[in-house]
Trainee: 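First the structure, which I've put down as structure tokens, then a few questions once you've had a look.
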Amino acid sequence: MKFQAIKGVRDILPPESALWNRVEQAARDVFGTFGFAEIRLPIFEQTELFARSVGQETDIVSKEMYSFQDHDSSISLRPEATASVVRAYIEHGMQTLPGNVKLYYMGPMFRRERPQKGRYRQFYQIGAEVLGPSDAPGIDAEVIEMLLAFFERLQLKGAVLNINSIGDKNCRPAYVELLRAELQKVREQLGADSQRRIDTNPLRVLDSKLEHEQAIIEKLPHIADHLCAECRAHYDEVKRQLALRGITYQENWRLVRGLDYYMRTTFEITAPGLGSQNAVCGGGRYDGLVELLGGQATTKGIGFAIGTDRLLLSLQESGAGEVEGGLDVYLAWFGAAAQTAAIKLARRLRDAGFVVELPAVEMKFGKSLGLADRLKARHAVILGEDELAAGVVAVKNLADGTQNKLAEQDLFSYLRASHASD
RNA sequence: GUGAGCGUAGCUCAGCUGGUAGAGCAUCGGUCUGUGGCACCGAGGGUCGCGGGUUCAAACCCCGUCGCUCACCCCA
């Protein structure tokens, strides 16, 4: 036990890896039908890209990014993908593409946080972004619809959509100051963490989990009551657009984002079975980000990121995580001549799409079938001297023990029929 | 960064008031040279996380350290 995976990273082993593939394939299928196309991004970028998008002063940059010196520049493992998508959008002049650009991505992200349930240092996200000239509320609603369609496809149970509007640069600063002022009045009743947040990030007081702070927080002013007319209208229309799509949601006035470039629509989906970190997806509108990273000020953006690790946790928790796989055929052979025939038969079966295990060395049939059983093969195809002489194969159903002798051409239809009836 | 709980075989765990390690499952082999699941027999696999201390003697007691898990902080 000399080497082990470093803290916060893990191996994804079979059979769980099959579930990962199913989830990622479902994302490609569903997002594709909404007209999204995949963007494959680098794993690292200039540190400055992330620092700019997140703001220099937070300890996200100083403590939680994997940054290192590469010759004379600092680069960082990506902690998220939105900054990279925006960088690529600007770098490749995608504002000249017709309409809004709809992109999705999936892959590992890296944050140096203390691991806990559903939180790893190398974790995975599946995300999508819409970038372009329009900030129509219908886009917000469609992005959310797509997300829910994806979760539906996976039969995720117990997902709850929370939405909020956090205003924009016209109305949020005034709200934040109002909030700060109200918090000052109750400062002494708050815990040390919340007291600190009054100064550093008043919005974050709203998602405090401390029991004794809840009653105090409930009385704080709601941002929904302090939106400017434009944000108010946008938010109302987002809700109407969700209703048009038959989407049920919870308005959660305490759902916030920490960074300045976020504005208006904010949403989050929680799912059961996740422990303390119970959000399986977060998203929102970030109309200021393209400009912040050097693009056109008129470019709007909205997107989301799904925590794939957590999505899988929740699927497994609810029993929707079973992926059936396994062997169709265990090809038991004995004797040199049978091996020759078995090698050729195995290839033909595989070409036809069957999952075939072909023993590499000669084994007695008893041992062979024992292995077939433990490998959970559906059928054993038996090929020995007798079958060879008769020009047939024996095929045994390992679940019920029935066995038939078939000509090779009949084997394929036999297997296909039994496969279909599973 | 903070706090709590836990570290004995691949896995799940037992191991009494200290007397230098065991079970079940899994793996491999045999009973079984043409047929799996069952049964029986056998084998491999552990410096008891690591280091120090106490003791005639430590998996067990003490100190330290590392790791894992969960929660807080943070959350792009």
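Every chain is numbered from 1, with letters handed out A, B, ... down the list of sequences.
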Trainee: Measure from the side-chain heavy atoms of A/Asp373 and tell me the nearest of B/C70, B/C73, B/G36.
Mentor: B/G36

Trainee: Pick one: which of A/Gln69, A/Gln46, A/Glu48 meets side-chain contact (heavy atoms from CB on, under 4.5 Å) with A/Ser74?
Mentor: A/Gln69

Trainee: Heavy atoms only, 4.0 Å cut-off, all strands: where does A/Glu387 land among base, sugar-phosphate and nothing?
Mentor: base

Trainee: Just checking A/Lys396: base, sugar-phosphate only, or nothing, at a heavy-atom cut-off of under 4.0 Å?
Mentor: base

Trainee: Check whether any side-chain nitrogen or oxygen of A/Lys367 sits under 4.0 Å from OP1 or OP2 of B/G34, and answer yes or no.
Mentor: no

Trainee: Going by an N to O cut-off under 4.0 Å, is there a salt bridge joining A/Arg264 and A/Asp135?
Mentor: yes

Trainee: With side-chain contact (heavy atoms from CB on, under 4.5 Å) as the test, pick out the partner of A/His379 among A/Leu327, A/Leu415, A/Leu411.
Mentor: A/Leu415

Trainee: With rounding to the closest Å, how many angstrom separate the C1' atoms on B/C11 and B/G46?
Mentor: 14 Å

Trainee: Strictly by Watson-Crick or wobble contacts shorter than 3.5 Å, is anything paired with B/G18, and which nucleotide is it?
Mentor: none

Trainee: Between A/Gln277 (CD) and B/C73 (P), how many Å, whole number?
Mentor: 9 Å

Trainee: What nucleotide, of B/C74, B/G36, B/C70, holds the atom closest to the side chain of A/Leu398?
Mentor: B/G36

Trainee: Checking base pairs now: Watson-Crick or wobble, both atom distances under 3.5 Å. What partners B/G3?
Mentor: B/C70

Trainee: Please report the distance, rounded to the nearest Å, between NZ in A/Lys209 and C1' in B/C70.
Mentor: 12 Å

Trainee: Rounded to whole angstrom, note down the P distance from B/C48 over to B/G22.
Mentor: 14 Å

Trainee: Pair A/Leu190, A/Ile198 - check side-chain contact (heavy atoms from CB on, under 4.5 Å), show working.
Mentor: CA-CA 10 Å; A/Leu190 299 172; A/Ile198 294 174; 4.0 Å; yes

Trainee: So what does A/Ala338 touch, heavy atoms closer than 4.0 Å: a base, only the sugar-phosphate, or nothing?
Mentor: nothing

Trainee: Respond yes when some side-chain nitrogen or oxygen of A/Ser368 is under 4.0 Å from OP1 or OP2 of B/U35, and no when none is.
Mentor: no

Trainee: By nearest atom, which of the nucleotides B/G67, B/C73, B/U35 is closest to the A/Gln4 side chain?
Mentor: B/G67

Trainee: Taking B/C73 as the reference, what is the distance to B/C13 when you measure between their P atoms (whole Å, please)?
Mentor: 30 Å

Trainee: What's the closest nucleotide to the A/Arg119 side chain, out of B/G37, B/C74, B/G34?
Mentor: B/C74

Trainee: Take atom P in B/A58 and the same atom in B/G44, then report the distance between them in whole Å.
Mentor: 27 Å

Trainee: Any ion pair linking A/Arg254 and A/Glu218 (charged N to carboxylate O, less than 4.0 Å)?
Mentor: yes

Trainee: Please give, in whole Å, the distance from B/G36 C1' to A/Tyr330 OH?
Mentor: 11 Å

Trainee: Determine, using ring centers only, whether A/Tyr104 and A/Phe36 are less than 6.0 Å apart.
Mentor: no

Trainee: Any side-chain N or O of A/Lys117 under 4.0 Å from OP1/OP2 of B/A71?
Mentor: no

Trainee: Could you tell me the separation between the CD atom of A/Gln116 and the C1' atom of B/A4, rounded to a whole number of Å?
Mentor: 13 Å

Trainee: Does this structure show an ion pair linking A/Lys344 with A/Glu408, if we count only N-O contacts that are shorter than 4.0 Å?
Mentor: no

Trainee: What integer number of Å spans the P atoms of B/G49 and B/C60?
Mentor: 8 Å

Trainee: Between B/C41 and B/G53, how far apart are the P atoms? Round to whole Å, please.
Mentor: 45 Å

Trainee: Hey, does the side chain of A/Arg374 come within less than 4.0 Å of B/C28's phosphate (OP1/OP2), counting only N and O?
Mentor: yes

Trainee: Counting any heavy atom closer than 4.0 Å, what does A/Arg112 reach on the DNA or RNA strands: base, sugar-phosphate only, or nothing?
Mentor: nothing

Trainee: Within the 4.0 Å heavy-atom criterion, would you say A/Gly366 contacts the bases, only the backbone, or no part of the nucleic acid?
Mentor: sugar-phosphate

Trainee: Once you apply the 3.5 Å cut-off to both distances, tell me the Watson-Crick or G-U wobble partner of B/A26, or none.
Mentor: none

Trainee: For B/U33, which nucleotide is its Watson-Crick or G-U wobble mate, given both distances must be under 3.5 Å?
Mentor: none

Trainee: Round to the nearest Å and state the distance from A/Arg114 atom CZ to B/G67 atom P.
Mentor: 10 Å

Trainee: Going by distance alone, is a donor N or O of one side chain under 3.5 Å from an acceptor N or O of the other, for A/Arg197 and A/Ser194?
Mentor: yes

Trainee: Heavy atoms only, 4.0 Å cut-off, all strands: where does A/Gly401 land among base, sugar-phosphate and nothing?
Mentor: base

Trainee: For A/Arg10, report the nucleic acid contact type (base, sugar-phosphate, nothing); a contact means any heavy atom under 4.0 Å.
Mentor: nothing

Trainee: When you check the gap from the basic side-chain N to the acidic O, do A/Asp199 and A/Arg187 get nearer than 4.0 Å?
Mentor: yes

Trainee: With a 3.5 Å limit on both atom pairs, tell me what B/C38 is paired to, counting Watson-Crick and G-U wobble, or say none.
Mentor: none

Trainee: Give one of base, sugar-phosphate or nothing for A/Asp386, where a contact means two heavy atoms less than 4.0 Å apart.
Mentor: base

Trainee: Tell me: NZ of A/Lys63 to P of B/U2, nearest whole Å?
Mentor: 11 Å

Trainee: With nearest nucleotide decided by heavy atoms, which residue, A/Ile6 or A/Met65, maps closer to the 5′ end of RNA chain B?
Mentor: A/Ile6

Trainee: Between B/U54 and B/U27, how far apart are the two C1' atoms, rounded to whole Å?
Mentor: 41 Å

Trainee: With a 3.5 angstrom cut-off on both distances, give the Watson-Crick or G-U wobble partner of B/G45, or none if there isn't one.
Mentor: none

Trainee: For A/Phe50 and for A/Ala5, locate the closest nucleotide of RNA chain B by heavy-atom distance; then report the residue assigned to the nucleotide nearer the 5' terminus.
Mentor: A/Ala5

Trainee: Whole angstroms only, please: what is the CZ-P distance between A/Phe334 and B/C32?
Mentor: 16 Å

Trainee: When both hydrogen-bonding distances must be under 3.5 Å and the geometry is Watson-Crick or G-U wobble, what is B/G64 paired with, if anything?
Mentor: B/C50

Trainee: CZ of A/Phe365 versus C1' of B/G37: gap in Å, rounded?
Mentor: 19 Å

Trainee: If the P atom of B/G37 is compared with that of B/C25, how far apart are they to the nearest Å?
Mentor: 15 Å

Trainee: Looking at the side chain of A/Lys7, which of B/U33, B/C28, B/C68 is the nearest nucleotide?
Mentor: B/C68

